[in-house]
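Structure, as structure tokens:
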There are 2 protein chains.
Amino acid sequence: MEAGTVLDLNQLRRSCGSCALHELCLPAGIDRQDMERLDTAVRDKRTLDRGKLLFRQGDAFHALYVVRSGSLKTYVENPAGDAQILGFSLPGEIVGVDALADDRHQCSAEALERTSICELPYSMMQQVTRDVPSLHRQLMRVISREVVAEQSHLVMMGRQQAQERLATFLRSLSERYGRLSRDTATLTLPMSRYDIANYLGLVVETVSRLFGRMEDAGILSVNRKTVRILRPDLLAGLCGNARPLPRGREAG
Amino acid sequence: MEAGTVLDLNQLRRSCGSCALHELCLPAGIDRQDMERLDTAVRDKRTLDRGKLLFRQGDAFHALYVVRSGSLKTYVENPAGDAQILGFSLPGEIVGVDALADDRHQCSAEALERTSICELPYSMMQQVTRDVPSLHRQLMRVISREVVAEQSHLVMMGRQQAQERLATFLRSLSERYGRLSRDTATLTLPMSRYDIANYLGLVVETVSRLFGRMEDAGILSVNRKTVRILRPDLLAGLCGNARPLPRGREAG
DNA sequence: CGGGACATTGAGTGGCATCAAGGCGTGTGG
DNA sequence: CCACACGCCTTGATGCCACTCAATGTCCCG
């Protein structure tokens, strides 16, 4: 249960060393002494209800954030008012690095469900990275990983067809679930079909149809928020330049 | 002339303090003392001929680079062999930050013309960022800017039509030319139509047709590599959700 | 002057968006 | 507990934008 997970995490001491996720957000190169100094810099965590904003595009930069439980979407809005979702953030993943460029958030971050957040205030960050060289290196690593993730998103948007995009999205999500020691075959999607479509540069009808076709092909079993990956091998095949799956039901 | 520009730069002392571009690649927060320490870390610059690679996807990370003159394209290749161009790098812009994530380049960088490069070796970088806190902050700023640039690219790929993409691309290029104190109305495109199309997630024929329509509409004058922006106001209008320009010649 | 890469132009097609209608699940109030 | 409404999702029909295929034009370089 979701509430159970949140409670467990709440019971953890408020400390990076004892955080179940510290290997995710700080994978390497931090020794015990450095860890203690980081602990003192991380502020009380916050909890956001579904739909609540962690920060808004244009806000002054105050802190970097790490998701502890739950999930976020980050998106930019253009003057005309429509949005592009840049990514979804799962536990252990960092949010807010776009604001380091000019001390102002370039995107908004919204909770997709009840979500718990770690906060590393800016002022503390400066001091910590000065005192703890290994953390500095680690932080650059994490930010660079952000760059690489966006590059993959770009490749998807630029070169892949709708079917490949959805397959790639599901595979990526499954892989990230694996890193969280969750079942990689049973995805519980915290985001709506509209969000998925937007993230993939498609419309919701297209996503819905593609789910249907993948189900007909025996690759997935789809039920609302729950997607079961029945044939990971076939799903992987759809990420390349495979032929589109047939449209009509019972056509295979 | 291009050759002249390169020669002028070659004659500069090999020092960040005297580099005409240091305000671009190191915009703020570096005092004289720090600058001198940085100087000693920046290795002799390299020169690449058109088509030569600065680094290749998968290469071990050795250094970050800044373009001094000329230009680069960065791109990723998928197993199937086709590429997605991630961006074009003009003088003063940094290249290679994607490799900080796991010490291996995630994309390739290729010279679009004869190009001169500054090199900040990895070993030096570690030492310098340790000794020079302001440079550390500055480096994070530059990397974050990379993140923001990719976000804009993503918005373009996800939500904009072909015509808006090309208009946005030309405006962005014009703005960057301005920062280099070049004429913002006369763009000399170092990249091919294929490269532009690929970057925008289109095919070359579409780009060619769009150039034609914008010329017919009196917005541009296009001659091979030379694009003159005659009506910046109308070009800006095309970046939003404007109606497509008419197809036939003499239709306005 | 000829070859080849790059660029333009035209005709036809297809994938995805758009428009429209209906199903399903959830929450709310009576 | 049920009725209702609303949001989310699915499914179908149609149209259009950009891709594909093909041919010609243009520049550059040997």
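Computed from heavy atoms alone, side chains included, the values below leave out hydrogens, waters and symmetry copies. Below, chains carry the letters A, B, ... as their sequence lines are ordered, and counting in each starts from 1.
Listed by chain and number, the residues in a side-chain hydrogen bond (donor to acceptor under 3.5 Å, both in side chains) with A/Gln84 are B/Arg159 (sequence neighbours excluded). The side-chain hydrogen bond (donor to acceptor under 3.5 Å, both in side chains) check on B/Asp59 picks up nothing, with sequence neighbours excluded. Among residues two or more places apart in sequence or in another chain, the side chain to side chain contact (heavy atoms under 4.5 Å, CB included) test is passed with B/Ser172 by B/Arg176. Residues forming a ring pair (Phe, Tyr, Trp, His ring centres under 6.0 Å) with A/Tyr199 (at least two apart in sequence, or on another chain): A/Phe88, A/His153, A/Phe169. For A/Phe211, there are no ring pair (Phe, Tyr, Trp, His ring centres under 6.0 Å) partners two or more places apart in sequence or in a different chain. Not counting sequence neighbours, the partners of A/Gln161 by the side chain to side chain contact (heavy atoms under 4.5 Å, CB included) test are A/Glu164. Contacts of B/Gln160 classified as side-chain hydrogen bond (donor to acceptor under 3.5 Å, both in side chains), with partners at least two apart in sequence or in another chain: B/Thr168. Residues passing the side-chain hydrogen bond (donor to acceptor under 3.5 Å, both in side chains) test with A/Arg104, sequence neighbours excluded: none. Shown here are the ring pair (Phe, Tyr, Trp, His ring centres under 6.0 Å) partners of B/Tyr75, two or more places apart in sequence or in another chain: there are none.
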Reading nucleotides 21-30 of chain D from 5' to 3' and marking B where a protein heavy atom lies under 4.0 Å of the base, S where only the sugar-phosphate is that close, and - otherwise, the string is BB--BBS---
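Atom pair A/Phe211:CZ and D/dT11:C1' shows a separation of 16 Å (rounding to whole Å applied). When the C1' atom of D/dC19 is taken as reference, atom CZ of B/Arg193 falls 19 Å away, rounded to whole Å. Here the P atom of nucleotide D/dG12 and the CZ atom of A/Arg213 are 11 Å apart, to the nearest Å. Going from atom CE of B/Met214 over to atom P of C/dT8 covers 13 Å, rounded to whole Å. Following rounding to the nearest Å, A/Tyr194 (OH) and C/dT18 (C1') show an atom-to-atom distance of 13 Å. The separation between B/Leu210 atom CG and C/dT9 atom P is 12 Å, rounded to whole Å. Rounded to whole angstrom, the span from the CG atom of A/Leu245 across to the C1' atom of C/dG15 amounts to 14 Å. Computed from coordinates, the B/Leu202 CG to C/dA7 C1' distance equals 16 Å when rounded to whole Å.
Across all strands, B/Ser208 comes closer than 4.0 Å to base atoms (heavy-atom distances).
Within residues 151-174 of chain B, the residues having any heavy atom under 4.0 Å from DNA chain D are, by residue number, B/Gln161, B/Ala162.
Between the side chains of B/Glu215 and B/Ser221, not a single donor N or O lies within less than 3.5 Å of an accepting N or O. Using modelled atom types, one finds no donor on one side chain facing an acceptor on the other under 3.5 Å when comparing A/Thr184 with A/Glu175.
Overall bending of the helix from C/dC1-D/dG30 to C/dG30-D/dC1, expressed as the angle between end axes built from five pairs apiece, is 40° (10° steps).
For D/dC8, the OP1/OP2 oxygens have no side-chain nitrogen or oxygen of A/Lys225 closer than 4.0 Å.
Candidate nucleotides D/dA18, C/dC6, D/dT10 were compared by shortest atom distance to the side chain of B/Thr206, and D/dA18 ranks first.
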